[in-house]
Amino acid sequence: MTSAERAAILAALNGPHVSAPTREALLARLDARYERRYFTEADFRVLRAAAVRLVPHDPDELDLTGLVDDRLHAGRTDGWRYAAAPPDGEAYRALLASLPADFAALDDCAQDDALRAAQGAHPHAFEDLLAELTEGFMAHPLTAYRFGYAGFMDVPGWQVAPDAFEEREVTYGP
Amino acid sequence: MAPERTGPVNAALPDLRDLDVLVIGTGAGGAPLLARLASAGLRVAALEAGVRHPPSGIATDEVAQAGLFWMDERLSAGGDPVGFGRNNSGRGVGGSTLHYTAYTPRAHPDDFTLHSDTGQGVDWPLTYADLAPYYDEVETFIGVSGPAEYPWGGERSGPYPHPPLPVNGAGLLMERACAEVGIRTSPAANAALSRPQEQEGFGLRPACSNRGFCQAGCSTGAKASLDVTFLALAEARGAVIVDGAQVVALLTEGGRVTGARFVRGGREETLHAGTVVLAAGAVETPRLLLMQGLANSSGQVGRNFMAHVGVQVWGLVDEDLRPYRGIPGGLISEDTHRIPGVIGGYLLQSLGVMPVTYATQFARGTGTWGAALTEHLRQYRHVAGINVLGDCLPYGHNYLELSAEPDARGLPKPRVHFTFGENERRMAAHAETLMRDLWARAGARDVWALPRAAHTLGTARMGHDPRGSVVDPWGRAHDTPGLWICDNSTFPSALAVNPALTQMALSLRTADALLSDLRPQQVTA
Ligand SMILES: Cc1cc2nc3c(=O)[nH]c(=O)nc-3n(C[C@H](O)[C@H](O)[C@H](O)COP(=O)(O)OP(=O)(O)OC[C@H]3O[C@@H](n4cnc5c(N)ncnc54)[C@H](O)[C@@H]3O)c2cc1C
Ligand code: SF4
């Protein structure tokens, strides 16, 4: 995250168009980092390398792998799972175990080949992991800024017509 | 995922002895009834597993709002496993209406007579005429916005109480495309306010501010979730709502249900009442009953689980549409209420969509990952969506059972088996073809379809025959004195419309029946 990006995000979040509960949630997320507590160090390294291929991002900016680890450590679920699949943590471990042990050291092409094989062999775990990483990515204020998404500026006053935007929407983003 | 955002669980319980009625669950089934009974002067209380989510605490952020959903793990089985959690089930004072889209079409007269008309599905043990006065009452009380003349369905006694809400970008595209192929459209009936309305117990609810996050909770009170409408009324009229109170068992004495055991703040407590109304929704209601083998002499508890056909079609358009703007449920067509070659039919609705919901659905639905995924998501502002909501026949192969896997409380997790039948597959295919055509006309590219099942229905069906149904047409358990059921579990068939308005109407009707059962005793007491 460049300092210009950070400044623009903070200006929006601390500005007059964002309600207090929204501000609180997004500020907390902006620099969120998690300590590894669930996966082994080796699994975590593979998971992080896989996460970067699945949902391209810079782990120094967005700690998506830490988010997954933190959720599993805390035992939070998203309300359901495929009955045929084991609990999330076990399913993810099996998915990681199916990747080559030196996965993190492989080149991009080899990593993608291995992931494609894992998608076929562990479809449910792959889908769940992909969705979880995608959620972390899309919910991050930095992604919102880069995509020019201003919907979090929620203090009443939106127009609806597709061509009648508000100042705060048009100007937000790089 | 963020930890649950919770309001405080009020510390001490008020004195709740000598309750006339105890309601379990405060969603579309539990809330209107609670208000009706309190207004009639009964001593009533409700136990709600979730906490309060007042509008002032709602963030415009999907992850922060995860606490609105029922996150205890459910197991999804069958050929078309149903997603729960954020897809399907609420938890909190107001139940699933905290996050419903607030589309509120009425069921059609012929939705209640599917079997008589087609030889398939089942008839309801009541008619449109039975529900019409209750529909009127609910629409007026919660403040539904809609067109002056609604083109489809049964007779109405008058126009909607408020003018229609503005139609969002996807709605405008749908309107144009439908006009090209000769399909009529109309602004939808939506339970968000297009002008302010005074609400007893809550105060002035403002008009919708078009922020578009209805499915993550409304931060203004414009949307008619039940906390700002019927539950506010119920509390103003003396009902007590105990939040953070998850019922783990019903109490029984000599075969009669006499109260409930619940966990609140880590402590187990009990409450007794003359009558218990179970309104925990179509998954938790049968789960509680099955755990105790209650009200199941028909063997129907957990049977006939149904979920609406809910295919969505998405595409990217050149217009900077910004799908987070405006109410997501804006434009409707019910020209497809009956279609040839299929039993029942569907309605067509435009969509709005919040970013995380769209992104995860796209990832799950298409399996796309890598640069292709993030490149697609970068174009979120150009996403346009349209969907259907279609009838679903009850089948023997779709049911809920208790699994052997315990949850954190040591209670068995529910396992829900769901596979669309041939009829639903034909309906979904018909709908997908139509929507792809419409979206091609709207100039959409990268069009993709998400096959989906929406809403949880059935599992404790109502009927006249105690051998084939769990409750009678008013909600009394056939075989268990003291117990009534009032939630989506009692639906004998799915109806070709969204269920919440019908559920609220049924709730008032059940309350009236309960009152007429109780009143003679009240008078002599
Ligand atoms: C994302 C989404 C959008 C929707 N949009 C629409 C729409 O636009 N239009 C429409 O008509 N319908 C819509 N629905 C469906 C609608 O919300 C439901 O049909 C309706 O709320 C169901 O009412 P209910 O009373 O059966 O259950 P709920 O409203 O879910 O209420 C059940 C309540 O019981 C509580 N409970 C459960 N178990 C226990 C227990 N053991 N102890 C204590 N409390 C318990 C729950 O916490 C919950 O509050 C939508 C649903 C979802 C998920
Ligand atoms: S769009 Fe309107 S009804 Fe929906 S959440 Fe926003 S203010 Fe509430």
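Numbers restart at 1 for each chain; the letters A, B, ... are given by sequence-line order, proteins then strands. FYI, side chains are in, hydrogens and waters are out, and symmetry mates aren't considered; it's all heavy atoms of this structure. Predicted, not measured: the structure shown is a model, and the values here were computed from it.
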Distance in Å, [X] [atom1] paired with [Y] [atom2], rounded so as to fall on 0.5 Å steps:
| X | Y | atom1 | atom2 | answer |
| --- | --- | --- | --- | --- |
| A:D154 | B:I58 | CG | CD1 | 11.0 Å |
| B:T60 | A:R23 | OG1 | CZ | 11.5 Å |
| A:M138 | B:T374 | CE | OG1 | 10.5 Å |
| B:F362 | A:T134 | CZ | OG1 | 9.5 Å |
| B:F84 | A:T77 | CZ | OG1 | 12.5 Å |

Between the side chain of [X] and the main-chain N/O of [Y], is any donor-acceptor distance below 3.5 Å?
| X | Y | value |
| --- | --- | --- |
| B:R381 | A:G148 | yes |
| B:D61 | A:T22 | no |
| A:E132 | B:T360 | no |

Inset, instruction - Identify whether the distance between the nearest side-chain nitrogen and carboxylate oxygen of A:E166 and B:R322 falls below 4.0 Å. - result: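 Judged by the 4.0 Å cut-off on N to carboxylate O distance, A:E166 and B:R322 do not form a salt bridge.
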Inset, instruction - Identify whether the distance between the nearest side-chain nitrogen and carboxylate oxygen of A:R76 and B:E73 falls below 4.0 Å. - result: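 Not counted as a salt bridge, because no side-chain N and carboxylate O are separated by less than 4.0 Å.
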Inset, instruction - Against chain A, work out which of B:E62, B:E319, B:H417, B:E405 has the most heavy-atom pairs shorter than 4.5 Å and name it. - result: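 With the most close heavy-atom pairs to chain A, the winner is B:E405.
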Inset, instruction - Among B:N168, B:D72, B:D320, single out the residue with the greatest number of heavy-atom pairs under 4.5 Å to chain A. - result: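 Answer, by heavy-atom pair count under 4.5 Å with chain A: B:D320.
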Inset, instruction - Answer yes or no: is there a side-chain heavy-atom contact under 4.5 Å between A:F165 and B:R325? - result: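 A:F165 reaches B:R325 side chain to side chain.
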Nearest heavy-atom neighbours spanning [X] and [Y]:
| X | Y | answer |
| --- | --- | --- |
| A:W80 | B:S76 | CE3-OG, 3.4 Å |
| B:L373 | A:L54 | CD2-O, 3.9 Å |
| B:A77 | A:A83 | CB-CB, 3.8 Å |
| B:R378 | A:R146 | NH1-O, 4.1 Å |
| B:R364 | A:A131 | NE-CB, 3.6 Å |
| A:A139 | B:V63 | CB-CG2, 3.6 Å |

Inset, instruction - Would you mind telling me which of A:V155, A:D128, A:V55, A:T143 has the largest number of heavy-atom pairs within less than 4.5 Å of chain B? - result: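 Counting heavy-atom pairs under 4.5 Å, the top option is A:D128.
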Legend entry - When A:Y149, A:F126, A:Y82 are compared by non-hydrogen pairs under 4.5 Å with chain B, the top option: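 Greatest number of close heavy-atom pairs with chain B: A:Y149.
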Measure [X] against the heavy atoms of chain A and call it side chain, backbone, both or neither at under 4.5 Å.
| X | answer |
| --- | --- |
| B:Y358 | neither |
| B:T368 | backbone |
| B:L172 | side chain |
| B:V167 | backbone |
| B:P81 | side chain |
| B:S56 | backbone |

With a 4.5 angstrom heavy-atom cut-off, could you sort out which part of [X] is near chain B: side chain, backbone, both or neither?
| X | answer |
| --- | --- |
| A:F137 | side chain |
| A:A51 | neither |
| A:Q159 | both |
| A:L26 | side chain |

Legend entry - A:F152 ring center within less than 6.0 Å of B:Y324 ring center: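 Centroid distance B:Y324-A:F152: not below 6.0 Å, so no.
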Inset, instruction - Check A:D112, A:L133, A:L129 against B:W369 for a side-chain contact (heavy atoms from CB on, under 4.5 Å) and give me the one that passes. - result: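 Going through the options one by one, the only one that passes is A:D112.
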